[in-house]
Amino acid sequence: MKTDELREKYLAFFESKGCVRQPSDVLVPTWDPSVLFTPAGMNQFKDHFLGKVKLDFTKATTCQKCLRTGDIDNVGRTAFHHTFFEMLGNFSFGDYFKREAIHWGWEFLTHKKWLGIDPSKLTVTVYKDDDEARKIWREEIGLPDHVISGMEEDENFWPASAPSLGPDGVCGPCSEIYFTLPDGSNVEIWNLVFTQFNRVGEPPNNLRPLPSQNIDTGMGLERTASVLQGVPTNYHIDILRPIVHAAADVVVQKYEYKSENGRRLRRITDHIRACTFAVHENVYPGANGAKYVIRRLIRRAVLDGHQMSMREPFVYKLVDAVADAMKSQYSELGETIPRVQDVIKSEEERFFATIDVGLDRISRLFDDMRLRESSMVDGGKAAELYTSFGVPPELLQQMAAEEGFSFDWASYQSSMQTHSEVSGGEQNKLFQTGPLETLKEVLRETPFVGYEKIEDLCVIKGIVAGDGSDSEDDGLLLGEIVVGSGQPLRVVLDHTPFYGESGGQVGDAGMIVGDGFEFTVTDTQKRAGLFVHHGVMKSGKMREGQTCTAKVDTDRRTALCRAHSATHILHHALQKFVGGHAQQQGSKVDADWLRFDFSHQKSLSDETLAQIQQDILQNIDADAPIGYQTVTLADARKAGAMMLFGEKYPDPVRMVSMGDFSKELCGGTHLTRTADVGAFELLAEESVSAGTRRIVALTGKKAKEYRDSTVHIVTQASGTLGCAATRLIERAGELMTDIRGIKKTLSSGKPAGHPAVFAGSSSAESIDFAVARAILRDTARILNVAYTDVATRLQSMLDERAKLLDEMSRMTAGGELSADDLMAAAETINGSRLIVAATPGANPNVMRGWIDQLRKSSDTPIAILLGAVQDDKVVLVGGLSHALVDKALSAGTWVGETAKLVGGGGGGRPDMAQAGGKDPEKLPAALEQAKAFMRAKLSAAF
Ligand code: ATP
Ligand code: MG
């Protein structure tokens with residue numbers, strides 16, 4: 001049976017039992033802090049199991065995309081593990097229970113109409129104390145005793161070992177179904193979880209029956225397919241084998257099941273499938289969390305390829321094969337192939353650039369360990385390999401394991417403390433508890449009335465102390481609170497006009513006022529359906545149960561609406577001028593300020609930016625109506641609404657449309673007409689990470705302020721440079737060139753004239769905004785500063801130039817002295833020349849230049865020591881011909897001794913040395929001493 005057929009049969013079977021077919025959840029459930037990736041089908045139903053949401057159905061069936069980081073090391077090692085796999089599940093929320101779950105599972109697996117697996121090939125396990133399950137298997141299904149094994153709580157309880165070790169809360173026994181392979185070994189294909197208890201405290205008698213019992217099941221799609229298709233490993237089933245072969249082609253190897261390369265090819269297959277799905281859902285490789293897992297998987301695949309002689313990116317070439325193999329259930333993969341390839345390829349490029357050095361380091365590390373007979377890889381070394389060569393520690397650990405070395409995670413972690421780059425695989429509490437969760441159990445969710453109303457009469461349902469910053473849901477529930485300490489508080493209402501931060505739009509602020517109190521709301525957050533108003537008491541006493549008026553800060557809300565509506569208009573323009581791939585990666589909508597990240601490889605040209613700005617202004621001018629409708633997801637898709645992969649949309653969903661040019665699924669607040677955006681200004685276009693660009697823009701009031709300040713900054717900056725505004729870019733460029741020239745002159749030691757052309761004289765002309773904006777943007781770009789910093793940057797460049805010119809003028813003064821003058825003053829001792837002189841105004845570069853020149857032009861051995869005063873400090877430079885150095889004389893000692901006399905020190909090589917001192921007034925005497933010192937040396941040397 002084909003895998004696609006198996007998937008469909010499963011869902012159809014459970015539909016026939018009354019389960020409602022639900023879509024898979026996304027791969028990265030951002031709403032669930034306890035996991036990085038969706039690990040199982042039940043994950044999206046956690047709140048259903050706890051009765052914390054309104055149940056539209058009590059039985060469900062799904063095919064869930066899963067990714068288990070815990071199985072990374074099993075990939076390639078076992079025949080039946082993947083990182084990414086599909087789990088088929090059926091779920092009961094207080095509906096059917098143990099009997100039906102067992103009967104239906106068995107019926108689906110063995111009945112001719114469905115899978116028709118030979119029952120003698122199946123064995124089962126139950127939790128040792130679950131007599132009820134054992135009885136059903138034995139008496140109702142008719143299994144002989146010897147195929148039913150009773151297991152301990154660490155194997156057959158969920159969560160594992162919950163009865164003795166906890167956590168408190170819902171839990172229950174499991175029963176698994178195994179298939180017997182031709183070689184007599186077993187593979188688990190199906191797991192039934194019977195959540196029937198609430199654990200309360202320590203054993204014994206700590207398992208209380210739940211009033212509402214649940215069923216959570218999982219069948220591995222690939223495992224069951226491999227059993228049905230009679231292949232020895234999941235990797236040989238119809239949807240995976242083509243990827244294995246594509247991988248073999250790309251790395252130019254023949255695929256052999258049993259060889260080491262066979263194992264590598266299966267690992268590459270697994271990892272590229274996982275990464276294709278993840279990147280498709282906008283999870284890009286990176287340094288933390290889920291992103292880090294994707295980085296690790298790509299790098300592991302690269303390493304496998306490297307060991308098969310690949311020296312440049314190849315993994316990305318398999319994206320096509322994955323999309324093709326998975327197309328029947330996941331046709332959407334076909335829509336993002338180029339983007340996914342680009343992202344994977346650039347991560348490969350980055351790793352290939354360092355991999356050779358990294359591997360070389362690793363083999364040296366292993367050699368060294370063998371030599372020292374140590375068996376544990378040092379964590380500090382591992383940290384260095386990761387930060388400098390990109391070798392993820394888990395990879396190093398795997399390679400070390402192959403050599404029989406262990407890995408020191410503790411020292412790795414401590415070495416990495418400074419980089420917050422730990423993979424974050426740690427599991428948090430499975431189910432949350434706390435004051436807000438308590439409120440949620442009663443209230444389920446807060447109805448939001450803020451689309452229609454900005455102010456409403458509400459009831460206070462809960463007051464929680466603290467702002468929740470220590471842990472997600474801490475603090476105490478308070479009955480009442482009096483103004484006083486100014487402590488942060490959270491308030492939950494029966495319903496609210498305050499928008500809770502979501503979809504990029506920040507939360508509303510405002511006031512909650514009631515009889516005898518005022519509460520200032522500084523922010524509103526959403527916590528799994530509850531709207532939580534953060535803030536402080538302003539006056540009086542507030543009590544739970546009190547009626548109050550919730551008033552949103554209208555000006556701020558309107559500014560938020562302007563920015564949000566403008567974001568949609570911008571998204572539309574990006575699609576139009578950059579392309580369909582320029583999809584939203586992330587966004588933040590604040591008061592008249594927005595940030596929008598989108599997929600694109602290169603920076604946008606000025607032309608494109610101008611087109612985008614133009615298009616946006618046109619759409620604002622057109623004053624198109626903005627409206628919203630609640631529609632089913634299917635209808636939204638039909639209407640062509642923009643949908644983002646990896647985003648979890650409710651069904652039905654809110655669709656916001658503007659005129660007839662934009663339709664987006666969005667829960668945010670919006671204007672009613674596009675003209676109300678008022679003004680729009682693009683502030684910046686920049687890179688966020690590989691393959692992602694960012695646009696920052698302003699709307700309404702802030703855009704107008706920006707317009708005013710732009711003109712002001714340009715006027716100020718051109719005043720600073722004493723030029724017309726239209727010549728600002730040119731003059732800024734000249735200033736940069738000029739400074740570079742002066743620096744060059746100074747270091748060459750040959751003074752040259754530089755006119756004082758940048759003296760400021762203000763030129764008061766009025767310029768129009770469009771011109772000013774272009775001038776400012778280009779000037780900011782050549783100076784490489786933010787637009788707000790242009791004027792200050794120019795001023796500091798002028799200051800720097802003045803200082804350099806000052807140095808140069810001192811050098812010019814000193815420059816009246818020439819090498820010839822110095823030579824004329826030389827005295828001869830024992831056939832050698834000696835020059836000791838003060839060279840006022842010269843800098844060390846010039847002094848060294850003279851020394852070189854003198855050494856070259858002297859036909860006899862020569863010793864030179866020059867002294868100058870620069871910035872109130874003494875500079876001494878000395879040099880000797882090689883003939884003198886050969887006689888064991890040293891410029892270093894000479895200069896060093898002299899420096900002591902001017903309150904300093906220093907030295908250098910025997911042929912050339914430099915030192916400083918802090919007593920300029922002692923320079924003449926010191927030079928006299930220096931002369932005497934060398935006279936004596938020269939007399940003695942020959
Ligand atoms: P195993 O012990 O074999 O790793 P598990 O006990 O972790 O399996 P469950 O958590 O019970 O598995 O998941 C339900 C079903 O999902 C399993 O019966 C199996 O068919 C499938 N499954 C679990 N992990 C994987 C994986 N890494 N790759 C493929 N299928 C898996
Ligand atoms: Mg497992």
Side-chain angles (χ1 to χ4, degrees), residues 25-40 43-44 46 64-73 75 82-85 270-302 340 343-344 346-347 350-351 382-383 386-387 390-398 409 412-432 468-473 501-504 525 527-528 584-588 597 599 644-648 688-692 694:
D25 196 6
V26 293
L27 213 44
V28 174
T30 40
W31 50 270
D32 183 350
S34 73
V35 295
L36 287 181
F37 293 94
T38 300
N43 206 63
Q44 66 166 312
K46 278 183 182 178
Q64 174 65 46
K65 297 176 267 191
C66 298
L67 201 158
R68 290 194 174 179
T69 51
D71 279 328
I72 293 181
D73 287 345
V75 172
H82 309 287
T83 53
F84 174 91
F85 69 100
D270 173 80
H271 291 3
I272 183 60
R273 192 165 73 130
C275 294
T276 300
F277 272 91
V279 176
H280 168 80
E281 290 196 15
N282 288 312
V283 183
Y284 286 14
N288 295 300
K291 290 167 173 288
Y292 178 72
V293 173
I294 299 311
R295 162 161 292 170
R296 230 171 103 188
L297 293 179
I298 296 175
R299 292 187 176 194
R300 174 76 225 197
V302 165
V340 175
V343 170
I344 294 178
S346 34
E347 178 64 18
R350 217 165 306 153
F351 191 43
Y386 177 49
T387 49
V391 180
E394 296 82 358
L395 274 193
L396 181 58
Q397 181 198 16
Q398 270 175 344
W409 279 109
Y412 172 77
Q413 306 283 17
S414 65
S415 310
M416 290 296 285
Q417 294 265 274
T418 42
H419 312 263
S420 57
E421 304 203 1
V422 187
S423 80
E426 125 197 40
Q427 295 272 324
N428 290 336
K429 267 185 293 179
L430 201 56
F431 292 106
Q432 310 291 327
S469 58
D470 288 345
S471 88
E472 274 275 312
D473 189 5
E501 176 163 344
S502 54
Q525 291 289 322
R527 210 197 126 86
Q584 176 171 348
Q585 284 288 325
S587 85
K588 178 149 189 198
D597 297 349
S599 315
L644 307 176
F645 298 115
E647 193 72 32
K648 191 181 164 88
V688 188
S689 59
T692 307
R694 166 172 295 173

Participant: Any non-hydrogen side-chain atom of Glu281 less than 4.5 Å from a side-chain atom of Val28?
Facilitator: no

Participant: With Cys275, which of Val343, Val293, Ile298 fulfils side-chain contact (heavy atoms from CB on, under 4.5 Å)?
Facilitator: Ile298

Participant: Which heavy atom in Asn43 sits nearest to a heavy atom in Pro29, and how many Å separate them?
Facilitator: ND2-CG, 3.8 Å

Participant: Could you give the distance from CD1 (Ile72) to CG (Leu395), rounded to the nearest 0.5 Å?
Facilitator: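 If we round to the nearest 0.5 Å, Ile72:CD1 and Leu395:CG are 9.5 Å apart.
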
Participant: So Phe277 and Phe84, would you call those rings parallel, tilted or perpendicular, with 30° and 60° as cut-offs?
Facilitator: parallel

Participant: Can you tell if the side chain of Tyr284 reaches within under 4.5 Å of the side chain of Ser599, non-hydrogen atoms only?
Facilitator: yes

Participant: Taking all atoms of both residues into account, what is the closest heavy-atom pair of Gln585 and Asn282, and its distance?
Facilitator: NE2-OD1, 2.6 Å

Participant: Side-chain contact, heavy-atom cut-off 4.5 Å: Arg350 with Arg295?
Facilitator: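 Yes. Closest side-chain heavy atoms under 4.5 Å.
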
Participant: As an exercise, state the distance from CD1 of Ile272 to CD1 of Ile344, rounded to the nearest 0.5 Å.
Facilitator: 4.0 Å

Participant: Minimum heavy-atom separation for Ala40 and Gln64, please, with both atom names.
Facilitator: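 Ala40 and Gln64 have their closest heavy atoms at O-CG, 3.9 Å.
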
Participant: To check you understand the geometry: which heavy-atom pair defines the closest contact between Tyr412 and Ala382, and what is its length?
Facilitator: CD1-CB, 3.9 Å

Participant: Can you name the nearest heavy-atom pair linking Tyr292 to Glu394, along with the distance?
Facilitator: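 Between these two residues, the closest heavy atoms are OH-OE1, 2.9 Å.
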
Participant: Do the non-hydrogen side-chain atoms of Val283 and Leu27 ever get within less than 4.5 Å of each other?
Facilitator: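 Val283 does not reach Leu27 side chain to side chain.
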
Participant: What's the separation between atom CZ in Arg273 and atom CZ in Phe85, rounded to the nearest 0.5 Å?
Facilitator: 10.0 Å

Participant: Take Glu647 and Gln584, measure what side chain to side chain contact (heavy atoms under 4.5 Å, CB included) needs, and give me the verdict at the end.
Facilitator: CA-CA 11 Å; Glu647 193 72 32; Gln584 176 171 348; over 6 Å; no

Participant: Answer yes or no: is there a donor N or O on one side and an acceptor on the other, between the side chain of Arg694 and the main chain of Asp597, under 3.5 Å?
Facilitator: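 Not at all, since once roles are kept as given, no pair shorter than 3.5 Å links the two residues.
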
Participant: To the nearest 0.5 Å, how far apart are CZ in Phe351 and CZ in Arg300?
Facilitator: 9.5 Å

Participant: Using modelled atom types and a 3.5 Å cut-off, is there a donor and acceptor pairing between side-chain atoms of Arg296 and backbone atoms of Pro392?
Facilitator: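 No: the side chain of Arg296 does not pair with the backbone of Pro392.
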
Participant: How close do Gly503 and Ser587 get, counting heavy atoms only, and between which atoms?
Facilitator: O-OG, 4.0 Å

Participant: Is there a side-chain contact between Thr83 and Leu67 (heavy atoms, below 4.5 Å)?
Facilitator: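 When only atoms from C-beta onward are counted, Leu67 and Thr83 do touch, with a gap below 4.5 Å.
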
Participant: Within the distance-only criterion (no hydrogens, no angle test), does the side chain of Glu347 pair as donor or acceptor with the backbone N or O of Pro285 below 3.5 angstrom?
Facilitator: no

Participant: Using the side-chain hydrogen bond (donor to acceptor under 3.5 Å, both in side chains) criterion, which residues pair with Gln525? Sequence neighbours excluded.
Facilitator: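 So Gln525 forms a side-chain hydrogen bond (donor to acceptor under 3.5 Å, both in side chains) with Glu501, Asp523.
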
Participant: Just verifying a value: how many Å separate Asp270 CG and Leu297 CG, rounded to the nearest 0.5 Å?
Facilitator: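 Interatomic distance, Asp270 CG to Leu297 CG, rounded to 0.5 Å: 7.5 Å.
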
Participant: Please lay out, stage by stage, how Asp73 and Gln398 fare under the test side chain to side chain contact (heavy atoms under 4.5 Å, CB included).
Facilitator: CA-CA 8 Å; Asp73 287 345; Gln398 270 175 344; 2.9 Å; yes

